[in-house]
Trainee: 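Could you have a look at this structure, given as structure tokens, before my questions?
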Number of protein chains: 2
Amino acid sequence: MSTDTPAAEPVSGARSLPHPGREEIRLAQVLHALADPMRLRIVCVLAAAEGELSCADIELPVSKSTCTHHFRVLREHGVIQQFYRGTAKMNGLRRADLEALFPGLIDGVLRAAGLQERRLGER
Amino acid sequence: MSTDTPAAEPVSGARSLPHPGREEIRLAQVLHALADPMRLRIVCVLAAAEGELSCADIELPVSKSTCTHHFRVLREHGVIQQFYRGTAKMNGLRRADLEALFPGLIDGVLRAAGLQERRLGER
DNA sequence: ACGTTCATACGATAGGCATCGTAGTACGGC
DNA sequence: GCCGTACTACGATGCCTATCGTATGAACGT
């Protein structure tokens, strides 16, 4: 029990963001979260960054409110973690939780996304 | 070009079932196809069978028409192959195509599905 | 205190989709 | 030729969701 992510974060006095606990995460929901091109892109960027990024750091061809929507879906389905730092909202992949539940899955998806992008883009 | 699946099957005189060619298959669509509990179950059964199964061989807690719908989604998104044998429609996973496009992905999903089922069912 | 920046909430809209039931079509056996 | 079996097509329904714009709120710097 040393690698688990706190299901309920210590609400730091700021706005609170509900995350599902590790045990709450369901495969079908994770797949659904990843099955949207925008969200897949978000997850790829987040994975490449290897750390936290603010929402504004990830450029998407949609409006701001739609962006908020996609980030919320990813959070509520257990794919990413979010917390506020000042006015910015930081985002990070929940790698440890996903790896514990579905070993290899996320890496497989990320790899597949990279391969497809290379295949479709550069030819 | 020796391992590719025929994009257009030789319509054997029977009802024809359009399949996407290997190059047509998109990751987001595959994930979407897998992101439904019914379809995930179908795929798991099909993978375990290691061969072709008729639609009726896979019992689902939904009506027949809904069943048809799910099989069609899986076929149109490139996850399964279908063909008629007499009155029965046979189904098979497109393992080779999926493996070529997204190596390891399907196995990862199947493994994750198995793990989750064991985790949620037996405890 | 004020304005700027970042992100949210809310309402609206349009399209997608999982589900059903009923009626119909194709094939095989009698 | 007729019937049963297996699946499809079509239409309906209700929910979910991706998108937007506008108005609002929270934190920071000056």
Side-chain angles (χ1 to χ4, degrees), chain A residues 9 11-19 26-43 45-46 52-92, chain B residues 9 11-19 26 28-43 45-46 52-77 79-92:
Chain A
E9 276 131 54
V11 177
S12 59
R15 297 158 273 184
S16 72
L17 295 166
H19 290 73
R26 292 292 170 274
L27 175 60
Q29 303 218 304
V30 170
L31 292 175
H32 181 226
L34 296 173
D36 180 280
M38 293 300 157
R39 294 196 288 261
L40 196 49
R41 189 193 292 198
I42 292 173
V43 170
V45 173
L46 239 36
E52 285 105 0
L53 290 178
S54 88
C55 290
D57 286 338
I58 301 173
E59 289 187 16
L60 294 176
V62 291
S63 80
K64 226 122 189 274
S65 15
T66 303
C67 217
T68 297
H69 162 70
H70 286 307
F71 277 105
R72 187 175 49 211
V73 171
L74 286 171
R75 188 191 71 236
E76 290 178 344
H77 289 5
V79 181
I80 66 171
Q81 273 171 302
Q82 297 189 296
F83 62 93
Y84 285 102
R85 184 154 68 200
T87 78
K89 184 154 79 172
M90 306 306 289
N91 306 276
Chain B
E9 275 131 53
V11 178
S12 60
R15 295 158 274 185
S16 72
L17 295 166
H19 290 74
R26 293 293 170 271
Q29 302 218 306
V30 170
L31 292 176
H32 181 224
L34 297 174
D36 180 281
M38 293 300 157
R39 294 196 288 260
L40 196 51
R41 191 194 290 197
I42 292 174
V43 170
V45 172
L46 239 36
E52 285 104 1
L53 290 179
S54 88
C55 291
D57 286 338
I58 302 173
E59 289 187 16
L60 293 176
V62 291
S63 81
K64 228 126 188 267
S65 15
T66 304
C67 218
T68 297
H69 162 69
H70 286 307
F71 278 105
R72 186 174 50 211
V73 170
L74 286 171
R75 187 190 71 235
E76 289 178 344
H77 290 6
V79 181
I80 67 172
Q81 274 171 299
Q82 297 189 294
F83 61 93
Y84 285 101
R85 183 154 68 201
T87 76
K89 185 154 77 172
M90 307 305 289
N91 306 276

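The chains referred to below are lettered A, B, ... by the order of the sequence lines, with proteins before strands, and numbering in each begins at 1. As a basis for the values below, the full set of heavy atoms in this structure was taken, side chains included, without hydrogen atoms, waters or symmetry mates.
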Trainee: Would you tell me if any nitrogen or oxygen in the side chain of H32(A) comes within less than 4.0 Å of OP1 or OP2 on dC16(D)?
Mentor: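 So the side-chain polar atoms of H32(A) never come under 4.0 Å of the phosphate oxygens OP1 or OP2 of dC16(D).
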
Trainee: Counting only side-chain heavy atoms from C-beta out, which of dA18(D), dA9(C), dC20(D) sits nearest to V62(A)?
Mentor: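 Nearest to the side-chain atoms of V62(A), counting from C-beta on, is dC20(D).
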
Trainee: Confirm from the modelled atom types if T87(B) and dG28(C) form a donor-acceptor pair under 3.5 Å, side chain to base only.
Mentor: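 Answer no: no donor N or O sits under 3.5 Å from an acceptor.
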
Trainee: With a 4.5 Å limit on heavy-atom distance, are the side chains of K64(B) and T68(B) in contact?
Mentor: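 The answer is no; the side chains never approach within 4.5 Å.
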
Trainee: Quick check: do S54(A) and D57(A) have side-chain heavy atoms less than 4.5 Å from each other?
Mentor: yes

Trainee: Ignoring hydrogens and geometry, is there a side-chain-to-backbone donor-acceptor pair from N91(A) to Q82(A) under 3.5 Å?
Mentor: no

Trainee: Among dC20(D), dA18(D), dC7(D), which is the nearest nucleotide to the side chain of D36(A)?
Mentor: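 Side chain of D36(A) sits closest to dA18(D).
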
Trainee: State which of dC7(D), dC20(C), dC6(C) makes the closest approach to the side chain of A56(B).
Mentor: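 Between dC7(D), dC20(C), dC6(C), the one nearest the side chain of A56(B) would be dC7(D).
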
Trainee: I'd like to know if S63(B) reaches the base of dG21(C) with its side chain, counting only an N/O donor and acceptor under 3.5 Å.
Mentor: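 Checked by distance alone, the answer is no.
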
Trainee: Given 3.5 Å as the limit, does a donor-acceptor pair link the side chain of R75(B) with the main chain of P18(B), or not?
Mentor: yes

Trainee: Just compare dC20(C), dA18(D), dC6(C) and give me whichever is closest to any side-chain atom of K64(A).
Mentor: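 The closest nucleotide is dC6(C).
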
Trainee: Please determine, for the side chain of A88(A), which listed nucleotide (dA9(C), dC20(D), dA7(C)) has the closest atom?
Mentor: dA7(C)

Trainee: Quick one: is R39(A) getting a side-chain N or O under 4.0 Å of the dA18(D) phosphate, OP1 or OP2?
Mentor: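 Indeed, a polar side-chain atom of R39(A) lies that close.
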
Trainee: So if I take every side-chain heavy atom of S65(A) and compare against dT19(C), dT22(D), dA18(C), which nucleotide ends up nearest?
Mentor: dT22(D)

Trainee: According to a strict under-4.0 Å criterion, is H69(B) in side-chain N/O contact with OP1 or OP2 of dA9(D)?
Mentor: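 So the side chain of H69(B) is outside the cut-off, no N or O lying under 4.0 Å from OP1 or OP2 of dA9(D).
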
